[in-house]
Student: 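Submitted below is the structure of interest, expressed as structure tokens.
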Amino acid sequence: MRLSRYYAPTLKESPAEAEVISHKLLLRAGMIRKLTAGIYTYLPLGLRAVNNVARIVREEMDRAGALEILMPAVQPADLWKESGRWDFYGRELLRFVDRHDRESCLGPTHEEVVTDLVRHEIRSYRQLPVNLYQVQTKFRDEIRPRFGLMRGREFVMKDAYSFDKDDAGADASYKSMFDAYARIFTRLGLKFRAVSADSGAIGGSFSHEFMVLAETGEDTIVACPACDYGANLEKAETIAPAPGAAAPCPPAESVPTPGVHTVEEVAAYLGVAPARIVKTLLYMADGTPVAALVRGDRELNEIKLKNLLGATNLRLATPEEVVTLTGAPVGFAGPVGLSSAKIYADQELACGTDWIVGANAADAHLRQVDLARDARVVDFVDLRQVAPGDTCPKCGAALDFTKGIEVGHVFKLGLKYSKALSATFLDEAGKEQFMIMGCYGIGVSRIVAACIEQNNDASGIVFPPPIAPFEAALINLSPKDETASAKADEIYAALTKAGVETLLDDRDERPGVKFKDADLIGLPIQLTLGGKGLARGIVETKDRRTGEKGELPLEGFLEAFM
Ligand code: ATP
Ligand code: MG
Ligand code: MG
Ligand code: MG
């Protein structure tokens with residue numbers, strides 16, 4: 001590709017809107033342009049990077065036996081009503097009506113659509129297992145789209161869905177996806193860590209997030225340096241109960257009366273250690289606390305908070321139920337009703353484990369607060385107060401804290417969607433059974449941003465070769481000089497023929513501009529031709545990552561290069 005004919009509008013300055021380095025560099029290197037909040041156009045270089053990620057993802061999904069399909073972005077509301085998520089999903093789901101007044105939405109995820117697909121075709125255990133995946137554009141109306149490709153409203157995701165006939169099969173599908181994810185992130189050249197949500201009382205581990213380690217990550221990960229223990233501290237995913245083993249609902253008479261209860265009382269009621277009680281605060285935009293969710297064992301994640309903000313049936317606690325949110329006593333407003341199940345976007349609701357508590361609810365006006373409009377989540381407080389250096393719960397070693405970017409998520413769904421949408425099959429005995437599902441997401445476009453967060457220096461991006469839009473930058477210092485240009489063309493043709501994807505800078509620009517742009521775009525290898533080097537019959541080489549320079553002869557260049 002010739003830069004003179006390309007579309008890579010580089011910028012000298014960082015646009016003011018960009019806060020994190022990947023966002024700045026993606027804009028400066030001419031890889032993306034913003035259309036509107038959280039919605040970007042991928043320019044040629046950016047698209048090549050996204051496609052490189054997608055290619056590796058596809059290769060490993062195919063290798064794991066998953067089959068690629070492509071599902072629609074527009075989804076009918078009816079399916080979401082069937083699964084119960086039309087009401088539960090909240091305002092992240094972009095809804096609209098078509099010309100026939102049919103309610104629809106733009107898919108933020110595809111459990112409903114894929115389950116609908118499969119329930120119409122699969123009749124027998126002989127047709128299972130099956131794992132279907134796609135690389136597709138998702139839409140989520142994020143409350144705070146930011147950081148460029150990191151948290152967009154429209155973004156590219158790979159999502160896979162497995163259907164199994166029994167629990168052992170579902171676990172094998174899960175493991176095969178987990179292993180494929182580990183291969184994908186290794187091949188992409190990223191420093192990552194798989195972290196799990198502790199399944200606590202429910203038992204078993206059903207959800208893992210894959211985190212790219214980076215200071216700018218929105219998640220805090222607690223990780224053990226000695227064993228494989230790792231968890232997402234702030235928003236560990238809720239664990240779905242194992243199929244057939246829903247979390248026990250406490251008998252109604254055992255529910256404590258609303259009022260102030262100690263952490264120990266709440267913990268005893270939930271049957272969990274006091275150290276596991278977690279609370280989450282919601283604040284008004286001006287910083288006034290509005291409400292808190294106090295949960296035993298199952299931590300809230302961001303999805304659920306957002307759904308909470310979109311929920312209409314929230315109840316704030318009465319003044320009597322109000323408690324100090326920072327000290328030992330925590331509020332207890334009684335178990336949430338089904339209306340508050342809205343906070344559970346995509347997990348089964350385990351009854352009796354969640355409460356809504358008001359803070360400052362003595363101020364009557366707060367009870368009229370429109371949470372969806374006025375509140376925002378500004379803080380999470382984890383009463384477990386795990387601190388760096390505490391004991392790893394698994395092996396006792398001192399825990400490390402790091403920041404991470406969630407790039408992938410594997411989840412054992414169990415029967416949630418197959419039950420709601422009646423996706424059944426006949427087992428060996430001819431008995432009708434629900435399929436056991438898993439879902440597996442990868443943030444394809446987010447990975448490009450995450451990769452830049454991990455791989456950059458003062459001059460720009462330092463692409464790992466697997467993601468780099470091209471392998472080599474070939475800089476012709478003297479594009480007006482016919483000899484230099486003929487040589488550059490010759491080398492460019494030879495590299496291209498040898499399969500080395502090369503970006504030839506043949507622009508009529510000063511050398512300084514060319515070097516700066518090459519560093520900014522960050523292709524792994526730089527080859528410079530012209531000036532004194534050309535006279536001496538050499539091409540200068542530079543390794544973008546190490547800065548190491550070298551020379552290769554013009555005569556027999558390709559052999560020397562390879
Ligand atoms: P997050 O916690 O960052 O909001 P999520 O848990 O809501 O992500 P999942 O539903 O698990 O996301 O979706 C699968 C993957 O899609 C995520 O692991 C992430 O890499 C990617 N992803 C999710 N939301 C976005 C977004 N707004 N922009 C870009 N990628 C996203
Ligand atoms: Mg998440
Ligand atoms: Mg999210
Ligand atoms: Mg997730």
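Values below: every heavy atom of this structure, side chains too, minus hydrogens, waters and symmetry copies. In each ligand, atom 1 is the first atom listed, and ligand 1 is the first ligand listed.
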Student: Looking at His409, pick out the N, O or S atom nearest to the Mg ion (ligand 4) and give its name.
Tutor: ND1
Student: Are Ser445 and ligand 1 in contact, using a heavy-atom cut-off of under 4.0 Å?
Tutor: no
Student: If we only consider heavy atoms of Met150, is any one of them less than 4.0 Å away from an atom in ligand 1?
Tutor: yes
Student: In terms of side-chain geometry, is the basic nitrogen of Arg151 or Glu218 positioned less than 4.0 Å from the acidic oxygen of its partner?
Tutor: yes
Student: Would you call Asp78 and Arg102 a salt bridge, taking side-chain N to carboxylate O under 4.0 Å as the test?
Tutor: no
Student: Is there a donor-acceptor contact under 3.5 Å linking the side chains of Asp159 and Gln134?
Tutor: yes
Student: Charged N to carboxylate O below 4.0 Å: is that the case for Asp167 and Lys412?
Tutor: yes
Student: Under 3.5 Å, is there a donor-acceptor pair between the side chain of His110 and the main chain of Thr115?
Tutor: no
Student: At less than 2.8 Å, would any N/O/S atom of Asp219, backbone or side chain, sit next to the Mg ion (ligand 2)?
Tutor: no
Student: Do you see a donor-acceptor pair shorter than 3.5 Å between the side chains of Thr216 and Glu453?
Tutor: yes
Student: In terms of side-chain heavy atoms, does Ser173 have a donor or acceptor partner in Asp164 at a distance below 3.5 Å?
Tutor: yes
Student: Please determine whether any non-hydrogen atom of Val407 lies less than 4.0 Å from an atom of ligand 1.
Tutor: yes
Student: Taking atom 4 (O) of ligand 1 as the point of reference, which of Glu406, Arg144, Arg151 owns the nearest heavy atom?
Tutor: Arg151
Student: Before signing off on this row, confirm whether Gly441 and ligand 1 have an N or O atom pair separated by under 3.5 Å.
Tutor: no
Student: From atom 26 (C) of ligand 1, work out which of Phe147, Phe139, Phe155 has a heavy atom at the shortest distance.
Tutor: Phe155
Student: Would you mind finding which of Arg140, His409, Met157 brings a heavy atom closest to atom 12 (O) of ligand 1?
Tutor: Arg140
Student: Answer side chain, backbone, both or neither: which part of Glu142 comes under 4.0 Å from ligand 1, heavy atoms only.
Tutor: side chain
Student: Is any N or O atom of Ile442, backbone or side chain, closer than 3.5 Å to an N or O atom of ligand 1?
Tutor: no
Student: Decide whether Tyr440 and Ser162 meet the rule of one side-chain donor and one side-chain acceptor closer than 3.5 Å.
Tutor: yes
Student: Near the Mg ion (ligand 4), is there an N/O/S atom from Glu406 that is less than 2.8 Å away?
Tutor: yes
Student: Do Arg183 and Glu60 sit within salt-bridge range, that is, some charged N less than 4.0 Å from a carboxylate O?
Tutor: yes
Student: Does any N or O atom in Leu149 lie less than 3.5 angstrom from one in ligand 1, N or O only?
Tutor: no
